[in-house]
Amino acid sequence: MGFMKERKHLFARSSQNGTMEEIKNKLRALICQAIKKGFENGELKQVLLPEIELEAPKLSAHGDFAANIAMVLASSQKRPPREVAQILLNSISDTGRLLAKAEIAGPGFINFFVNNACWHAVLKEIHESDDIYGCSDIGRGQNVLIEFVSANPTGPLHIGHGRGAAVGDTLANILRASEYKVEKEYYINDSGRQIQTLGLSVFLRYRELHGADIDFPHDCYQGDYIREEAQAISEIKGRGLLDIPAEEAVAFCARFTASTILNEIKQDLTDFGVRFDHWFSEQGLFDAGAVDKAIQDLKKKRIIYEKDGALWFRTTDFGDEKDRVVVRANGITTYFASDIAYHDDKLRRGFDRIIDIWGADHHGYIHRISACIQATGHEKERFKVILIQLVNLLRGGNPVAMSTRAGEFVMLRDVVDEVGRDAARFLFLTRRYDSPLDFDLEVAKRRSNDNPVYYVQYVHARISSILKKACAREAEEPCFGDTVDLMQLKEPEELALIKCMSRFPAVVAESARLMEPHRVPFYLTELAATFHNYYNKHKVLSNDLVLTAARLYMVSAVRIIVRNGLKLMGVSAPESM
RNA sequence: GGGCGAUUAGCUCAGAGGAUAGAGCACAAGCCUCCGGAGCUUGGUGUCGCGGGUUCGACUCCCGCAUCGCCCUCCA
């Protein structure tokens with residue numbers, strides 16, 4: 001989906017919200033006229049005009065759109081809903097011949113059945129919009145910064161980071177498609193104690209490598225990669241680090257290793273299809289004096305105070321349960337200190353909204369950051385946190401042991417190597433982010449219905465194959481001009497498919513508004529099912545060339561949506577599988 | 001003890017004011033003279049955790065309770 005491309009022809013259209021919205025607006029106008037007519041001829045008591053809601057009913061027997069207006073009006077009219085509905089129905093004048101049928105049903109719904117031609121217009125819209133079908137303007141150009149992954153450069157990315165990466169990247173795509181201006185940022189915790197510990201861990205392994213008898217502390221990093229880093233340093237420096245003061249040696253190991261690991265993280269993310277606009281260094285904040293300045297400013301405001309030799313932030317003023325330490329008694333700043341400066345910096349860069357994506361175990365941090373955002377003079381509404389629940393890695397239903405202590409965690413790279421990037425990205429998005437995710441490696445590799453990624457991609461490959469075959473039949477080169485007779489499309493399965501297609505822009509817009517990327521894969525799975533159902537019942541290619549042209553026009557529209565939807569998710573849309 | 005999240009079919013999960021609450025898996029039975037069977041069709045199961053409230057109408061919103069998970073460091 002070409003989110004960043006020129007969108008002139010879309011703006012030129014009467015609506016940016018898709019054909020379905022246009023149909024709804026026309027229906028609203030009809031209803032509105034009917035109500036006013038009722039007011040004028042005295043059949044209805046004059047009341048304030050309520051919002052006219054239209055929904056797409058689940059059951060096709062309930063029409064294409066249902067209005068609850070009669071039930072809403074019933075109480076103020078002091079008449080039964082169905083009676084009100086009847087009055088409205090009598091007053092509706094469908095001059096544009098939009099409706100095939102309208103009827104009263106259930107407790108007082110008015111169900112509208114629109115003409116097939118309305119739905120056929122959806123196909124034209126899809127073809128005209130092509131790779132921007134699904135885009136909307138609901139973001140109105142707002143600037144948004146999404147910070148995600150932001151794993152410490154003390155070890156490789158694990159599978160949990162993968163979920164964060166998939167959600168963050170997809171959310172960014174969805175927002176961009178909805179006319180938000182989005183920048184993606186990775187915050188590098190390249191300062192402080194954990195980097196120090198990293199250096200120490202590597203240095204100890206280095207000494208071990210050179211024959212020293214070491215006692216490897218429990219709180220040092222345990223993974224095998226620490227030994228590999230020590231080996232790498234050894235190859236460059238030989239025994240050189242043994243001859244300089246230990247402090248310098250540790251500092252060297254810290255710098256060297258953090259930078260190596262960060263490069264590996266960048267490579268992993270690149271291979272996972274995630275590209276950041278900014279890599280923001282925590283150390284950079286210290287170097288620029290931003291952390292000190294933030295602390296001094298808040299001291300002046302008496303939001304930061306001294307107690308027991310430490311500096312505390314009065315987060316309780318902002319609803320936190322206790323105050324938090326910013327600078328410890330030993331003079332070392334906590335993460336919180338740089339986070340104050342960091343979030344202040346983000347907002348000063350002029351973003352309307354900043355979004356942080358964190359693991360759910362950090363939820364206790366929300367109050368703190370919200371407090372410092374307010375304390376530094378920003379509105380807390382500009383800040384939003386998305387908490388992502390944990391990933392449980394399984395293999396054939398059995399949990400894969402993941403112990404941080406023993407350094408046995410499953411790396412994102414290994415998972416991607418085993419199941420593929422498409423499957424990994426898709427599966428990470430098949431749960432709401434606030435629901436824990438069981439990620440089963442065997443299921444991820446399986447090519448069946450419990451693995452939705454292939455189910456959806458298969459649609460793309462299948463349609464591609466049909467189009468290829470159609471081109472090969474020289475007599476009927478598919479021409480998608482105005483010559484296509486869309487009235488040919490009247491089978492129930494065809495209309496169901498087109499209606500499903502018409503929902504895509506609303507799905508993307510809703511997904512952007514609620515910041516819920518999972519809506520896209522769920523929709524695509526439904527579209528795929530609707531398509532397969534159609535495909536198994538009707539042949540696209542036949543001797544009826546007029547019908548064939550119309551059907552080709554339709555299925556290639558399906559292909560456009562599948563491609564656009566997968567693109568949002570960073571998943572490929574293969575021509576063949 | 002406090003905070004956050006969750007609780008929907010046997011399992012994994014969608015649904016966030018509307019009508020008879022859905023999908024996949026699993027189970028059973030069918031569909032290839034056919035454009036890709038990595039597919040389709042047909043079968044049924046739910047006190048939507050419990051109890052109140054709001055309203056024309058609640059799985060959905062509000063309050064209380066129960067259970068589960070995570071968090072409650074001068075940790076990162």
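Per chain, numbering begins at 1; letters A, B, ... match sequence-line order.
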Salt bridge (Lys or Arg N to Asp or Glu O under 4.0 Å) with [X]: which residues, sequence neighbours excluded?
X: A:R431; value: none
X: A:D190; value: none
X: A:R395; value: A:E418, A:E442
X: A:K537; value: A:E493

Contact class for [X] (heavy atom, under 4.0 Å): base, sugar-phosphate, or nothing?
X: A:E510; value: nothing
X: A:H460; value: nothing
X: A:A74; value: nothing
X: A:K322; value: sugar-phosphate
X: A:K469; value: sugar-phosphate

Take atom C1' in B:rC59 and the same atom in B:rG17, then report the distance between them in whole Å.
-> 11 Å
Measure from NZ or CZ of A:R447 to the centre of the six-membered ring of A:Y454 and say whether it is under 6.0 Å with the direction within 45° of the ring axis.
-> yes
Which pairs, protein N/O on one side and nucleotides 43-46 of chain B N/O on the other, fall under 3.5 Å?
none

Polar side chain donor-acceptor pair, A:E282 to A:Y342, under 3.5 angstrom = no
Would you kindly say whether A:Y221 and A:E229 are connected by a side-chain donor-acceptor distance under 3.5 Å?
-> no
When you look for runs of 3 or more Watson-Crick or G-U pairs in a row, both distances below 3.5 Å, which of them include RNA chain B?
-> B:1-7 with B:66-72, B:10-13 with B:22-25, B:27-31 with B:39-43, B:49-53 with B:61-65
Between C1' of B:rG39 and CD1 of A:I463, the distance in whole Å | 13 Å
Can you identify which nucleotide, out of [options], has its nearest atom closest to the [X] side chain?
X: A:S576; options: B:rU12, B:rC35, B:rG36; answer: B:rG36
X: A:V540; options: B:rA76, B:rA14, B:rC35; answer: B:rC35
X: A:D361; options: B:rA14, B:rA76, B:rC71; answer: B:rC71

From CA spacing to verdict: side chain to side chain contact (heavy atoms under 4.5 Å, CB included), A:F113, A:N111 = CA-CA 7 Å; A:F113 297 77; A:N111 292 336; 4.2 Å; yes
Scoring nucleotides 15-27 of chain B by protein non-hydrogen atoms under 4.0 Å (B base, S sugar-phosphate only, - none) yields SB-BB----SS--
For A:R503, check side-chain hydrogen bond (donor to acceptor under 3.5 Å, both in side chains) against everything at least two apart and list the hits.
-> A:E526
Partner set under side-chain hydrogen bond (donor to acceptor under 3.5 Å, both in side chains) for A:Q389, not counting sequence neighbours | none
Determine the minimum heavy-atom distance between A:I69 and A:E51, stating which atoms define it.
-> CD1-O, 4.3 Å
Which pairs would a plain distance check flag for residues 70-83 of chain A, meaning a side-chain donor or acceptor within less than 3.5 Å of a matching protein atom at least two apart in sequence or in another chain?
residue	atom	partner	partner atom	Å
A:S76	OG	A:L73	O	3.1
A:Q77	OE1	A:K45	N	2.8
A:Q77	NE2	A:K45	O	2.9
A:R79	NE	A:E83	OE2	3.0
A:R79	NH1	A:E43	O	3.1
A:R79	NH2	A:E83	OE2	3.0
A:R82	NH1	A:G106	O	2.6

Polar atom pairs between nucleotides 2-5 of chain B and protein, under 3.5 Å, N or O only, would you list them?
residue	atom	partner	partner atom	Å
B:rG3	N2	A:H363	NE2	2.3

Residue pairs passing the salt bridge (charged side-chain N to carboxylate O under 4.0 Å, His left out) test with at least one member in residues 52-74 of chain A, sequence neighbours excluded, are A:D64-A:K499
